[in-house]
2 protein chains.
Amino acid sequence: MTLRQSLPPVLRQISVRAAMDVLLQEGPTSRATLAKKTGLSKQTMSEVIRALEESGWVRVNGIVSGKVGRSAITYEVAEDSGYAVGVDLGATTIRIAVVSISGSIVHESEHPTGGRAGEALIGHMHDLVEKCLHRAGIPFEKVLLGAVATPGVVDPVSGHLALAPNMAETGSLDVVRRLGEALGCEVVIENDVNAAALGETWKGCSAGLETAAFIALGTGIGLGMLVNGKLVKGARGAAGEISYLPFGADPYREDSLERGALESAIGAQGIVSRYRAAGGGEADTRQILEAAEAGEEPALSVIRETARLAALLIVSVDAMTDPEKIVLGGNVGRHPFLLSLIRAELPRLTRRMISLEPSALGPRATLIGAIAIALNQLHNALFSPQELPSEMRLPQARD
Amino acid sequence: MTLRQSLPPVLRQISVRAAMDVLLQEGPTSRATLAKKTGLSKQTMSEVIRALEESGWVRVNGIVSGKVGRSAITYEVAEDSGYAVGVDLGATTIRIAVVSISGSIVHESEHPTGGRAGEALIGHMHDLVEKCLHRAGIPFEKVLLGAVATPGVVDPVSGHLALAPNMAETGSLDVVRRLGEALGCEVVIENDVNAAALGETWKGCSAGLETAAFIALGTGIGLGMLVNGKLVKGARGAAGEISYLPFGADPYREDSLERGALESAIGAQGIVSRYRAAGGGEADTRQILEAAEAGEEPALSVIRETARLAALLIVSVDAMTDPEKIVLGGNVGRHPFLLSLIRAELPRLTRRMISLEPSALGPRATLIGAIAIALNQLHNALFSPQELPSEMRLPQARD
DNA sequence: ATTTATGTTCGGCACCTTGACGAACTATAA
DNA sequence: TTATAGTTCGTCAAGGTGCCGAACATAAAT
């Protein structure tokens, strides 16, 4: 079931890649049109398809007739030839999705963490993934790649979790290795907000854009960015850690150094405690948002201030990276009332037109992003020539 | 003298690219070692080199003997086979460099703008470029690409100048077309700070890094970023417009909307007027910096505050994009006293290790960056297969 | 029957590789 | 000094792979 038999038949790999690309993008296609779209000759395409069919990645889809001329045999990516698993490993919820190699979601489910952490959490996730695969009727061997999205900083070199604020013990454990052993395939890990950014750019409201940002406002706050179609991860995987932007609260305070100035202002905890300080009593962010929308006073000004600070954040993101669109997500960020307040605030802070929208995928954004990562990685591993740095490097400075 | 005779013999192009890449990176090389480094066979390499030699891009460099075995003929990129021109079109200074295709600088010079602007400025630049080429003894036909770096927002779609704060009239004029006509070749344009970021990453103190940031503090303030080795330009070319970050001054003020809150605080004008307001009288930033270093009081606190705000900026950049290194440039930013103040301030604002360094190229950073852009573009145009999107896209969302 | 589009067969070409070999040079020992 | 061994460079010849264009067979609508 493997495609590359020996080493570089580079040219064929390029052709295979081109064919798969069209098949994945546009669904069932005949060899003739495939040839047109890729620019390859018809009979090269026949050979490519034959190889793909023999190795099982592609199968006959049907016969298209009704148009003038000979009816065409269309081919499609064989759904059941391989699967990827995406996991959104959150603080309170684990979401799991199984996706076929062609990109359709076969199974999606949501489970409470039940307060588990560390080793117990990883074990639980492991059990859940197994259960999902079983329920979807997919044998383990068919799972070719896994992606886990989780809060925390992911080391871009090792791919391991370096710092997981909301999952205290988990940090040191090797999530990747554990799940990899269980699934018997490669597993990659990514920051949850980065994944969400990618998710929205795949199937959400920033779909198809090359340059987009996703801001999550919730328990924690975070930023995910795509530049030139790729995630911005940062040298140490800490890109998008906007908690530490130096406004919203006094950046010199101990608390700001610890949790971040901005997060202590507009993170969930910050909102709750500002509400309490304003005499609003005990309430969670949802309740405060609802009270604010109803016009109740301590809540309204707390949320107003939250919106004001969020607007500052948005203006900052826009100034630094000029995304085509900024998507607001997270439990707090998604709330329409907050969004309307932020939208009203923006023109007071900038003359630029900022395209701001609420997450279209809602709580699923991170999960969809995890799937996207897994799928993309899988497609590249299977169908892309491995070594081809097509851009030239700058000449070595030798003077 | 052109390489691609007809349509894509893709495979050969890949081989040519590989050979040129090694020759450019490592200088004179024999065919045998070239074969080893590229992984191609000696035979193929001989053919590739023959083609490159016949078309004039490569020539014999010499004979290496003294080692065991037959002595080798080494080949090198033919310096005089093509040139690129880089221009730093600043507000007060025009810098021009001519660089050979192999990356060595043939001619570099600096000229005052003499207060010219708009059409007059462009004409002047044009004359200067001609003069430089003449002085360097390079015929026009040998110039294959030009790159202009200039303040202002460069539209990534059209490549044209959209907004040039320090060159009022110039904005509407078509710099690219004018110089292109004069030189008879393609000309690209880029923001000056972006170019400087690239320059430092080519030959400066962030050399070789994939992820780096350059902050220019001077007449204006700006940020250039490289992520995954590529410039971050933004959807509308406005990435790095940190003037508009909402701190340093009240972001709601009319002035902040116009010129940007942060720029009105730590841009040259802002520093000068804060100094004046503190009773320091008339002085330019250089004088204020010197006075501050000498410990004179109104200057010292003005510069202290500038350093404090610059530190906030640096922490913001670090939080958002986590670069491996942040380089400080510009007339103000390069000053060692300011740098030491900023370095002292950083630990009070963050626990992260931020690698901050002064520009190694100084006022040449933008020019070197312009050269880098021109060279890279040229190499890709000449020696890289044109159509090869090696990364696979995500499948179209079809559900 | 004509037209039009699909898919296959065939001949040819471009490119790459392998293995063998001659050329050129150093090192070493008689 | 001279011969011999060992190493590396570069070329030649043979063989394979993959691509293309053209011609052709196939199949369906008009």
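All chains are named by letter (A, B, ...) in the order of the sequence lines, taking the proteins before the strands, and each is independently numbered beginning at 1.
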Name the residue closer to the 5' end of DNA chain D, choosing between A/Ile63 and A/Val48 according to the nucleotide with the nearest heavy atom.
A/Val48
When you compare the side chains of B/Ser206 and B/Glu200, does any donor N or O come within less than 3.5 Å of an acceptor on the partner?
no
Distance check needed: D/dT17 C1' versus B/Ile14 CD1, whole Å only.
15 Å
Closest heavy-atom pair, A/Val154 versus A/Glu190, reported as atoms and distance to 0.1 Å, is CG2-C, 3.7 Å
Within this structure, what is the NZ-to-P distance between B/Lys67 and D/dG10, rounded to whole angstrom?
11 Å
Please enumerate all residues that pass side-chain hydrogen bond (donor to acceptor under 3.5 Å, both in side chains) together with A/Glu53, with sequence neighbours excluded.
none
Answer yes if the side chains of B/Ser41 and B/Gln43 hold a donor-acceptor pair under 3.5 Å, and no otherwise.
no
Look up atom CG in A/Leu34 and atom OG1 in A/Thr44, then write down how far apart they are to the nearest 0.5 Å.
11.5 Å
Do A/Ser102 and A/Glu79 pair up side chain to side chain, a donor and an acceptor below 3.5 Å, judged on atom types alone?
yes
Provide, to the nearest angstrom, the distance between the CE atom belonging to B/Met45 and the P atom belonging to C/dT18.
14 Å
A/Ser15 side-chain N/O to D/dC19 phosphate OP1/OP2 under 4.0 Å:
yes
Whole-Å distance separating the CG atom of B/Leu40 from the P atom of C/dT18
11 Å
Rounding to an integer number of Å, can you tell me how far B/Lys37 NZ sits from D/dC9 P?
12 Å
On the nucleotide D/dC19, are OP1 or OP2 found under 4.0 Å from the side-chain N or O atoms that A/Arg12 carries?
yes
Rounded distance (Å) that lies between atom C1' of D/dT17 and atom CG of B/Leu11:
10 Å
Could you tell me the separation between the CD atom of B/Glu53 and the C1' atom of D/dG10, rounded to a whole number of Å?
14 Å
Under-3.5 Å N/O pairs linking protein and nucleotides 4-11 of chain C:
{"residue": "C/dA5", "atom": "N3", "partner": "A/Arg70", "partner atom": "N", "Å": "3.4"}
{"residue": "C/dT6", "atom": "O2", "partner": "A/Arg70", "partner atom": "NE", "Å": "3.4"}
{"residue": "C/dT6", "atom": "O2", "partner": "A/Arg70", "partner atom": "NH1", "Å": "2.5"}
{"residue": "C/dG7", "atom": "OP1", "partner": "A/Ile73", "partner atom": "N", "Å": "2.6"}
{"residue": "C/dG7", "atom": "OP1", "partner": "A/Ile73", "partner atom": "O", "Å": "3.3"}
{"residue": "C/dG7", "atom": "OP2", "partner": "A/Arg31", "partner atom": "N", "Å": "3.3"}
{"residue": "C/dG7", "atom": "OP2", "partner": "A/Ala32", "partner atom": "N", "Å": "3.1"}
{"residue": "C/dG7", "atom": "N7", "partner": "A/Lys42", "partner atom": "NZ", "Å": "2.7"}
{"residue": "C/dG7", "atom": "O6", "partner": "A/Lys42", "partner atom": "NZ", "Å": "3.0"}
{"residue": "C/dT8", "atom": "OP1", "partner": "A/Arg31", "partner atom": "NH1", "Å": "3.0"}
{"residue": "C/dT8", "atom": "OP2", "partner": "A/Arg31", "partner atom": "NH1", "Å": "2.9"}
{"residue": "C/dT8", "atom": "OP2", "partner": "A/Ser46", "partner atom": "OG", "Å": "2.6"}

